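Since the model is a prediction, treat every value here as computed from it, not as a measurement.
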Protein chains: 2
Amino acid sequence: MSEEKKIPYKIYLNENEMPTKWYNVRSDMKNKPAPLINPGTHEPMGFDDLRPVFCDELIKQELDNDTPYFDIPQKILDFYKMYRPSPLVRAYCLEEALGTPAKIYYKFEGNNTSGSHKLNSAIAQAFYAKEQGLRGLTTETGAGQWGTALSMACAYLGLDLKVFMVKVSYEQKPFRREVMRTYGASVTPSPSMETQIGKKINAEHPGTTGSLGCAISEAVEVATTNEGYRYVLGSVLNQVLLHQSIIGLETKAALDKYGIVPDVIIGCAGGGSNLGGLIAPFMGEKLRGEKDYRIVAVEPASCPSFTRGVYAYDFCDTGMVCPLAKMYTLGSSFIPSANHAGGLRYHGMSPILSQLYADGYMEAVSAEQTAVFEAATKFARTEGILPAPESSHAIKAAIDEALACKESGEEKTIVFGLTGTGYFDLVAYQKFNDGEMSDFIPTDEDIRKSVSLLPKV
Amino acid sequence: MSEEKKIPYKIYLNENEMPTKWYNVRSDMKNKPAPLINPGTHEPMGFDDLRPVFCDELIKQELDNDTPYFDIPQKILDFYKMYRPSPLVRAYCLEEALGTPAKIYYKFEGNNTSGSHKLNSAIAQAFYAKEQGLRGLTTETGAGQWGTALSMACAYLGLDLKVFMVKVSYEQKPFRREVMRTYGASVTPSPSMETQIGKKINAEHPGTTGSLGCAISEAVEVATTNEGYRYVLGSVLNQVLLHQSIIGLETKAALDKYGIVPDVIIGCAGGGSNLGGLIAPFMGEKLRGEKDYRIVAVEPASCPSFTRGVYAYDFCDTGMVCPLAKMYTLGSSFIPSANHAGGLRYHGMSPILSQLYADGYMEAVSAEQTAVFEAATKFARTEGILPAPESSHAIKAAIDEALACKESGEEKTIVFGLTGTGYFDLVAYQKFNDGEMSDFIPTDEDIRKSVSLLPKV
């Protein structure tokens with residue numbers, strides 16, 4: 001009890017306790033993640049193959065399965081200091097409301113204007129682009145968290161940014177668009193008339209409201225046809241998980257300060273950027289046989305790549321212009337039914353996490369959206385923070401774990417990732433508040449159909 | 001230089017360095033703020049006069065001009081720990097962008113879901129209502145920061161909350177409304193058909209989109225005609241400034257840790273809740289003759305109560321149902337022209353700050369909204385945080401000070417209050433981004449007219 005009292009509501013790290021290196025979990029994996037391959041030749045993509053699209057230094061990070069730690073450049077550390085360390089919060093109020101003996105901690109990444117963890121990789125990717133002397137970057141955005149984060153990073157470093165925003169989001173999320181514009185980004189609804197692929201799609205599908213796959217294709221086209229531009233991506237890639245390891249490293253440093261050892265670590269999983277970052281150092285210990293933790297991915301029941309997908313090579317984008325990645329996938333033609341957690345509506349999953357899941361180092365569960373919003377509302381009312389729908393998947397799973405502890409009397413320590421805030425998701429909250437939200441779960445037939453269209457490798 | 005290096009980007013306080021008492025600046029004022037008076041009899045309002053409307057303990061705080069410190073109850077301290085201490089940030093990036101030798105610090109109060117400092121008083125007012133055994137509270141909200149904050153506090157304590165939201169805001173700010181509903185508040189567009197005054201106004205002005213004055217009247221009517229309910233207010237009152245002193249106490253504790261003495265302290269001023277809180281302990285030192293600081297209030301040029309108003313008794317509300325307060329005022333019938341900083345569109349000013357201003361302890365300046373949004377955008381791009389329009393008035397004044405230092409070569413230390421975030425103000429940002437924002441300044445005739453209607457006291 002007296003020891004218990006010493007743990008504050010928030011465990012902050014001092015500035016000098018901040019991690020100064022990213023951790024590369026691949027270095028401790030016996031089975032490395034499968035390489036990206038060329039969709040035509042099926043040969044692994046090397047440095048030169050990737051150069052037209054990505055920045056040089058980022059390609060090196062992408063391909064490096066061996067180096068355990070990468071120094072974080074000073075300029076990035078300085079930027080991190082504007083919003084990091086992010087708080088690790090002991091959820092005393094939620095525990096009390098649940099009446100659970102479990103100890104719940106969450107790492108809150110929504111404490112910056114972009115409202116999510118995406119900023120951790122956005123600043124890194126923008127930094128290396130600037131170092132390479134590039135003029136600017138292109139990217140796509142759906143829900144808008146990644147586009148917002150990258151806008152902030154590019155404003156800070158003085159880089160041009162062109163964001164292709166899925167047209168339906170551009171129109172339905174005007175506030176996200178305005179945040180990006182306030183940070184100086186140019187935001188174009190996709191499909192646009194500014195690219196060949198955009199014109200083609202507009203001609204073939206008049207009045208289309210766009211898709212993430214189309215926006216990726218436009219962003220890649222602009223990056224590869226304009227001098228001094230490259231394309232960047234906010235999830236799935238190995239480099240992104242490397243940068244996001246800052247989340248896990250800070251979490252571990254904060255827990256270590258108080259001698260806290262988690263029993264279970266929970267994160268939501270769309271492309272895997274948050275989960276991969278949160279678990280990185282813990283997974284490292286597990287891979288090296290030093291410690292054991294339960295590690296749980298939570299995905300929406302509407303887009304269940306881990307729990308109902310297959311582990312196979314697939315396109316990263318629905319437009320099928322990108323390299324193939326080996327991952328748990330529902331098929332790049334899978335169209336998730338409406339789910340408000342836009343950031344989790346991705347057909348595939350990080351190759352690193354896919355390999356770890358295939359090798360039995362992780363578990364996965366899925367959650368339905370009404371149950372997720374119930375958990376979100378409970379969390380908001382007790383812990384004060386209005387969570388993003390994506391993050392709320394992790395809340396739902398953490399609450400379930402805590403209630404199981406109440407049943408069994410176990411005093412487990414649960415750590416989960418709270419990736420962001422829900423300020424731009426209030427249309428979804430309104431639906432839930434009005435009792436108009438429903439659940440959508442794909443049928444086996446839906447999944448069989450899209451999986452049957454996987455490329456033959 | 002080596003000393004300089006020691007100051008981190010953010011100065012956090014440890015949990016045990018958190019203030020445990022609020023500071024009552026009135027205790028050090030030689031000229032106390034003038035009492036609230038009854039609009040009919042012009043007699044000072046005493047404890048019993050205020051009981052039908054306000055909670056008992058809050059009335060005691062309201063009327064106490066002598067007690068220097070009030071213990072913060074443990075339950076409120078626990079709540080504060082969920083989002084406090086708020087960061088005191090050294091604006092290194094803004095300084096660099098401005099090329100100024102000045103040292104700029106800001107106290108950031110937007111680090112909680114309500115997005116502003118309003119939560120500091122909301123939890124206190126809700127706590128005392130709960131302690132008194134009340135069932136619930138009523139209030140009004142315009143811009144929505146206060147309503148959001150109070151919703152969070154009432155959810156935490158299990159109190160009913162009925163918010164009357166000015167109809168035009170209810171319709172134009174549906175997301176604010178949904179946050180409040182997510183926290184369990186009932187939100188009614190005002191004027192409603194649920195109160196006598198609402199029905200009367202709807203009958204007299206069919207199709208009216210409401211006003212703050214009308215919403216206050218409705219909230220007061222519901223509080224006084226329902227058993228177990230009281231009315232609460234988020235600014236202007238002495239009790240609110242008492243609770244908000246937590247901002248200044250933390251700021252001072254953080255500065256003291258590094259031996260930093262500010263030359264000038266800047267805050268935006270609407271009703272005065274943020275400014276009064278931020279400056280409280282510094283003003284105390286100034287009043288006791290221990291230190292000297294320049295203290296600057298920044299108000300919108302569209303609603304300039306300090307810089308162009310008169311110091312006189314006036315109604316606190318446009319509906320003229322509340323007590324009279326002696327304050328700098330433009331007259332309760334003054335209708336500020338459109339300005340996106342809704343939180344600063346108040347005709348009057350805190351009686352405490354009014355007395356201090358009248359006695360020469362503070363300065364005041366006004367700023368036009370396009371210049372404020374220019375400052376906001378510069379701040380967002382360099383410091384990362386998307387500021388609320390209200391807060392951006394302080395940013396504008398701080399930048400002006402820093403640029404004056406650049407001119408003169410002075411290395412002044414500037415501290416300003418960053419009261420909140422602009423997530424719900426993106427319609428205004430969009431106008432600014434599109435070059436469609438303009439400035440509105442009342443004419444002398446406008447002000448003369450509304451001031452001529454002041455009550456005769």
Q: Does the separation of the ring centres of B:F379 and B:Y106 fall below 6.0 angstrom?
A: yes

Q: Could you have a look at B:F432, B:Y423, B:F79 and say which one has the most heavy-atom pairs with chain A under 4.5 angstrom?
A: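 Of the options given, most contacts go to B:Y423.
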
Q: Checking salt bridge (Lys or Arg N to Asp or Glu O under 4.0 Å) against B:D425, which of B:K173, B:K431, B:R176 comes through?
A: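 Output: one option passes, namely B:K173.
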
Q: Relative to chain A, which of B:N16, B:D78, B:N14 shows the most heavy atom pairs under 4.5 Å?
A: B:D78

Q: Taking every heavy-atom pair that is under 4.5 Å apart, which of A:A155, A:G384, A:G422 has the most such pairs with chain B?
A: A:G384

Q: Closer than 3.5 angstrom, by distance alone: can the side chain of B:T419 be matched with the main-chain N or O of B:S116 as a donor-acceptor pair?
A: no

Q: If contact means a heavy atom pair closer than 4.5 Å, which residues of residues 177-187 of chain B contact chain A?
A: B:R177, B:E178, B:V179, B:R181, B:T182, B:Y183, B:G184

Q: I would like to know whether A:E383 and A:R90 meet salt bridge (charged side-chain N to carboxylate O under 4.0 Å, His left out); could you show each step before the answer?
A: CA-CA 10 Å; A:E383 289 291 318; A:R90 171 76 183 266; over 6 Å; no

Q: Can you check whether A:F424 and B:F175 have ring centres sitting under 6.0 Å from each other?
A: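 For A:F424 and B:F175, the ring centres are not under 6.0 Å apart.
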
Q: Any donor and acceptor pair, going by atom type alone, linking the side chain of A:K257 with main-chain N or O of A:Y12 inside 3.5 Å?
A: yes

Q: Just so I understand: if I count every heavy-atom pair under 4.5 Å between each of B:T377, B:N112, B:N111 and chain A, which residue has the most?
A: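 Sorted descending by pairs with chain A, the first entry is B:N111.
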
Q: Please state whether the side chain, the backbone, both or neither of A:D434 comes within less than 4.5 Å of a heavy atom of chain B.
A: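 A:D434 touches chain B through backbone and side-chain heavy atoms alike.
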
